[in-house]
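For reference, the structure discussed in these notes is given below.
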Amino acid sequence: MADHPSAFVTGFPIRHSRSPLIHGYWLRQFGLDGSYRAVEVAPDAFAAFIHTLNDNGFVGGNVTIPHKEVAFSLCGKRDSAAEEIGAVNTLWFENDILHGGNTDAYGFLANLDSLSPGWSERKSALVLGAGGASRAVIFALKQRGFTDIRIVNRTVERAQELADRFGISGGAHGWDAVPELLKGASLIVNTTSLGMSGKDELVIDLTEADSDALVTDIVYVPLETPLLRAARFRGLETADGLGMLLHQAVPGFEHWFGKRPDVTAELRNLILADMAAGKAK
Ligand code: ATR
């Protein structure tokens, strides 16, 4: 390993990324002489950026919107999650070959495992949305043995594509089917951007949901999204999405810096404080 290993997160835009805070916290915690920084790269410059990682002294990094699919195509090797999801969010070198992984599914599972141990004993889920985040969540649920996955999306064809791609049994549906689909779903997960600060609200009637369903959202700004608030009012168990961001960062840190970090309450509070400061600005 390099003396001062240096890693990055790249996207366009990237200034709102909280990944530097997360990795900076772990670097300090381990007392490591490494660095991690945000690098904004426009789409037309992305391939050149990846081809010069070594020259620029990077041992690897994270990739976010809109580069995840192009990163997938530029890697020499990919892990099975990246292959299944069709997108790469973590890059590292192994034997001088650029490897690409996808840690979003891992982050999703690890977050629920930590917030609601035993959550995956029942195997039916209602997944709202059919974009890139939905692919990661569906892959994760399949990995965990979920047999009944119902996908809801505004554009039903996209949901159907995912159902076909992952060979799942619960089918593809429009939003009007939600009340029926809630019945018997042990997990309800939002993967759309609805409910995020500045976007449209996610309006959903949870009356028909099973009383022991767990409700989660991959949106974490705000921490309690309209979906999670509705679930709380309905008396359902909820799990917020911040931990997915924190846990997905763990495998990358281990690749670049050689130590497996923990997702601590202190780290979570650091990010929450940053979110609160952002709101105050
Ligand atoms: P990501 O990769 O972050 O998942 P994406 O691929 O653009 O982003 O997917 C966004 C998801 O949010 C999709 O499921 C999208 O529905 P469509 O496939 O019909 O576009 C959903 N979404 C975004 N805005 C929406 C809105 N106003 N109403 C309903 N669904 C919306």
Side-chain angles (χ1 to χ4, degrees), residues 9-19 43 46 62-73 78 81-90 100-109 111 125-142 149-166 168 170-179 181-182 185 187-206 215-222 225-228 230 240-249:
V9 57
T10 183
F12 191 74
I14 198 60
R15 62 185 173 280
H16 297 301
S17 172
R18 295 197 166 85
S19 293
F46 184 70
N62 286 124
V63 177
T64 186
I65 294 168
H67 300 317
K68 287 182 176 188
E69 282 80 17
V70 182
F72 178 93
S73 67
R78 293 181 286 259
E83 293 287 356
E84 291 277 340
I85 296 166
V88 153
N89 75 342
T90 305
N102 191 308
T103 64
D104 287 334
Y106 165 79
F108 176 77
L109 294 174
N111 182 40
L126 174 58
V127 176
L128 307 173
S134 177
R135 284 207 302 267
V137 165
I138 291 170
F139 170 69
L141 293 175
K142 280 213 69 175
I149 303 175
R150 308 150 188 191
I151 312 174
V152 164
N153 200 43
R154 174 177 60 182
T155 314
V156 181
E157 296 74 35
R158 284 187 93 188
Q160 189 61 55
E161 268 170 37
L162 280 195
D164 294 344
R165 178 187 180 115
F166 288 102
I168 61 177
H173 312 266
W175 282 87
D176 53 349
V178 164
L181 296 169
L182 284 169
L187 176 74
I188 299 160
V189 47
N190 175 45
T191 73
T192 74
S193 45
L194 295 174
M196 197 182 287
S197 296
K199 302 264 174 158
D200 288 344
E201 200 162 305
L202 195 164
V203 181
I204 191 166
D205 181 354
L206 294 171
V215 182
T216 188
D217 203 322
I218 66 154
V219 173
Y220 61 89
V221 182
T225 61
L227 172 67
L228 297 181
D240 70 67
L242 178 55
M244 178 173 172
L245 172 76
L246 305 178
H247 284 282
Q248 65 77 32

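What you see below is based on every heavy atom in this structure, not just the backbone, and it leaves out hydrogens, waters and symmetry mates. Just follow the structure's listing: the first ligand is 1, and inside any ligand the first atom is 1.
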Q. Taking N or O atoms only and a 3.5 Å limit, does Ser134 qualify as a polar contact for ligand 1?
A. no

Q. Would you say Ile65 has any N or O atom under 3.5 Å from an N or O of ligand 1, going by distance alone?
A. no

Q: Return the minimal non-hydrogen interatomic distance between Thr191 and Ala133, and the atom names on each side.
A: O-CB, 3.9 Å

Q | Test of proximity, Leu194 against ligand 1: N or O pairs below 3.5 Å | A | no

Q: Kindly confirm or rule out an N or O of Ala133 lying under 3.5 angstrom from an N or O of ligand 1.
A: yes

Q.
Parallel, tilted or perpendicular: which one describes the rings of Phe166 and Phe139, with boundaries at 30° and 60°?
A. tilted

**Q.** Option passing side-chain contact (heavy atoms from CB on, under 4.5 Å) with Asn102 (candidates Val63, Ile85, Val88)
**A.** Ile85

(Q) One residue to check: Arg158. Relative to ligand 1, which of side chain, backbone, both or neither has a non-hydrogen atom less than 4.0 Å away? (A) side chain

Q. Salt bridge or not for Arg165 and Glu83, using N-O below 4.0 Å?
A. no

Q | Winner among Ala87, Ala159, Gly131, Pro66 once heavy atoms are compared against atom 5 (P) of ligand 1 | A | Gly131

**Q.** Proximal atoms of ligand 1 relative to Ser193 (non-hydrogen, under 4.0 Å)
**A.** 12 (O), 23 (C)

Q) Would a search of protein heavy atoms around atom 10 (C) of ligand 1 find one under 4.0 Å away? A) no

(Q) To check you understand the geometry: which heavy-atom pair defines the closest contact between Phe12 and Pro43, and what is its length? (A) CD2-CD, 3.7 Å

Q) What do we get for Asn153 next to ligand 1 when only non-hydrogen atoms under 4.0 Å count, side chain, backbone, both or neither? A) side chain

Q. How close does the nearest protein non-hydrogen atom get to atom 12 (O) of ligand 1, and which residue and atom is it?
A. Thr192 CB, 3.3 Å

Q: Kindly indicate, with the supporting measurements, whether the criterion side chain to side chain donor-acceptor pair (under 3.5 Å) is fulfilled by Asp240 and Thr216.
A: CA-CA 6 Å; Asp240 70 67; Thr216 188; over 6 Å; no

Q. Quick check: does Thr155 get an N/O under 3.5 Å from an N/O on ligand 1?
A. yes

Q) Of all the non-hydrogen atoms in the protein, which one sits nearest to atom 22 (N) of ligand 1, and at what distance? A) Arg154 NH2, 4.0 Å

Q) Which atoms of ligand 1 have any heavy atom of Gly129 under 4.0 Å away? A) 14 (O)

Q) What are the two closest heavy atoms between Gly243 and Asn111, and how far apart are they? A) CA-OD1, 3.2 Å

Q. Which residue and non-hydrogen atom of the protein lie closest to atom 1 (P) of ligand 1, and at what distance in Å?
A. Gly132 N, 3.6 Å

Q | Ser19 side chain to Asn62 side chain, donor-acceptor N/O pair below 3.5 angstrom | A | no

Q: For residues Leu228 and Val215, report the shortest heavy-atom separation together with the two atoms involved.
A: CD2-O, 3.5 Å

